[in-house]
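Reviewing the structure listed below.
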Amino acid sequence: MFDKLTKKEYETMKFIWENDDGISFSELCQYAKLEIPSISVQTINTHLAHLIEKKFVKAEGIRRKRIYYPLLPRAEYDCLLARRIINELFDGSLIDFLLAYSNNEGFTEREILALKTLLRKSGE
C-alpha cells in the first residue's frame, strides 16, 4: 500500500532525496533549523521515525551515528502520488484530470510543448 507523506514529512524527504548518498541526524537538524527555525529536535526525530515506519527511509548505524537513506526515489514517489490522485479523484481518467487542470482556460505554450513531447515519447 502506498502511504502519502504529510507536508512536513515531504519537506524532510526533499532534503533526504537531495542527499541520497546518506545524511546524518545532525545534518538533517541543521537543514531543518534553516527551513523552519522553530522546529525541535524531537519533531525531527518523530518525522524520521514515521518515514522509517512508512518505508520511505532506512537508517544504518547505531544511535547518534545513524545515517539516513531514501528507499524510494523522488520521481517514483511523485509518479505514485500523481496516479493515486488521478485514480481517487478522476476515476483513473487522465483526460478528466487534464480537463479539470486546464479549467477551460487552456494550457500555456510551454505546457502544450511538454505534452506533445511526452506523447511523442510514449508513441515510440
Side-chain angles (χ1 to χ4, degrees):
M1 177 89 186
F2 169 71
D3 284 323
K4 183 179 172 188
L5 297 172
T6 66
K7 184 176 181 177
K8 295 195 185 244
E9 289 170 345
Y10 188 78
E11 290 299 316
T12 303
M13 279 304 301
K14 283 193 329 190
F15 190 65
I16 294 171
W17 281 319
E18 290 171 10
N19 296 277
D20 63 353
D21 57 335
I23 185 167
S24 70
F25 184 74
S26 62
E27 290 170 320
L28 190 55
C29 287
Q30 289 172 358
Y31 165 78
K33 288 286 186 182
L34 289 174
E35 295 296 312
I36 312 162
S38 63
I39 196 166
S40 72
V41 170
Q42 182 58 41
T43 300
I44 297 166
N45 201 36
T46 300
H47 287 218
L48 281 172
H50 289 165
L51 291 168
I52 291 168
E53 183 180 314
K54 290 180 173 183
K55 300 200 183 325
F56 282 94
V57 171
K58 72 175 178 176
E60 292 181 354
I62 302 170
R63 296 189 185 212
R64 295 176 191 226
K65 301 287 185 190
R66 281 186 159 184
I67 302 294
Y68 299 90
Y69 301 90
L71 289 174
L72 183 71
R74 183 175 183 171
E76 190 174 332
Y77 174 77
D78 290 345
C79 181
L80 290 169
L81 182 60
R83 289 184 187 276
R84 180 177 177 175
I85 290 168
I86 291 169
N87 287 335
E88 288 180 5
L89 301 179
F90 300 95
D91 295 324
S93 172
L94 179 60
I95 299 300
D96 288 348
F97 169 78
L98 290 171
L99 289 170
Y101 176 83
S102 69
N103 195 24
N104 296 325
E105 296 175 14
F107 293 97
T108 65
E109 288 298 319
R110 182 172 179 242
E111 291 168 333
I112 291 169
L113 180 61
L115 286 169
K116 284 180 179 179
T117 302
L118 181 64
L119 289 171
R120 230 179 289 120
K121 284 183 181 178
S122 68
E124 293 176 353

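Looking at E11 and K14, a side-chain N of the basic residue comes within less than 4.0 Å of a carboxylate O on the acidic one, giving a salt bridge.
Partners of E111 by side-chain contact (heavy atoms from CB on, under 4.5 Å), not counting sequence neighbours, listed by chain and number: Y101, F107, T108. Checked against side-chain contact (heavy atoms from CB on, under 4.5 Å), I95 has the following partners two or more places apart in sequence or in another chain: S93, L99. Partners of R74 according to the side chain to side chain donor-acceptor pair (under 3.5 Å) rule, which considers only residues two or more places apart in sequence or in another chain, are Y10. In this view, K58 and E60 satisfy the salt bridge (Lys or Arg N to Asp or Glu O under 4.0 Å) rule, not counting sequence neighbours.
Counting heavy atoms from C-beta outward, F25 and N45 have side chains that approach closer than 4.5 Å. Side-chain contact check for D96 versus D91: every heavy-atom pair is 4.5 Å or farther apart.
Through side-chain heavy atoms spaced under 4.5 Å, either directly or across other Ile, Leu, Val, Met, Phe, Trp or Tyr residues, I62 is tied to no other residue. Using a 4.5 Å cut-off between side-chain heavy atoms of Ile, Leu, Val, Met, Phe, Trp and Tyr, L34 forms no hydrophobic cluster with any other residue.
Atoms CG and CD1, on L81 and I86 in that order, are 10.0 Å from each other to the nearest 0.5 Å. Going from atom CD1 of I23 over to atom CD of Q30 covers 8.5 Å, rounded to the nearest 0.5 Å. Separation of atoms OG1 (T43) and NE2 (H47) is listed at 5.5 Å; rounding is to 0.5 Å. A distance of 10.0 Å separates CG of L48 from CD of E9, quoted to the nearest 0.5 Å. Interatomic distance, OG of S26 versus CZ of R66, reported as 14.0 Å (0.5 Å rounding). Between the CG atom of L118 and the NZ atom of K116 there is a distance of 13.5 Å, given to the nearest 0.5 Å.
The hydrophobic clustering, which links ILVMFWY residues whose side-chain heavy atoms are closer than 4.5 Å, places L71 and L80 apart. With hydrophobic clusters built from ILVMFWY side chains whose heavy atoms lie under 4.5 angstrom apart, L72 does not share a cluster with Y69. Neither I67 nor I16 shares a network with the other; the hydrophobic side chains, linked directly or stepwise wherever heavy atoms of I, L, V, M, F, W or Y lie under 4.5 Å apart, form separate groups for each. Clustering ILVMFWY residues whenever any of their side-chain heavy atoms sit less than 4.5 angstrom apart, transitively, puts L115 in a cluster other than the one holding L113.
Summarising the geometry of A59 relative to Y68, their closest heavy-atom pair is CB-CE2, 3.6 Å, with the distance given to 0.1 Å. For the pair E27 and S24, the tightest heavy-atom approach, listed with the atom from each and the gap, is OE1-N, 2.8 Å. The minimum heavy-atom distance linking K4 with K54 is given by the pair O-NZ, 3.1 Å. Nearest heavy-atom pair across M13 and V57 is SD-CG2, 3.4 Å. Residues A100 and F90 approach most closely at CB-CE2, 3.5 Å, considering heavy atoms.
Using cut-offs of 30° and 60° on the angle between ring planes, the pair Y77 and F56 is perpendicular.
For K8 (side chain) and I44 (main-chain N/O), no donor-acceptor pair under 3.5 Å exists by modelled atom type.
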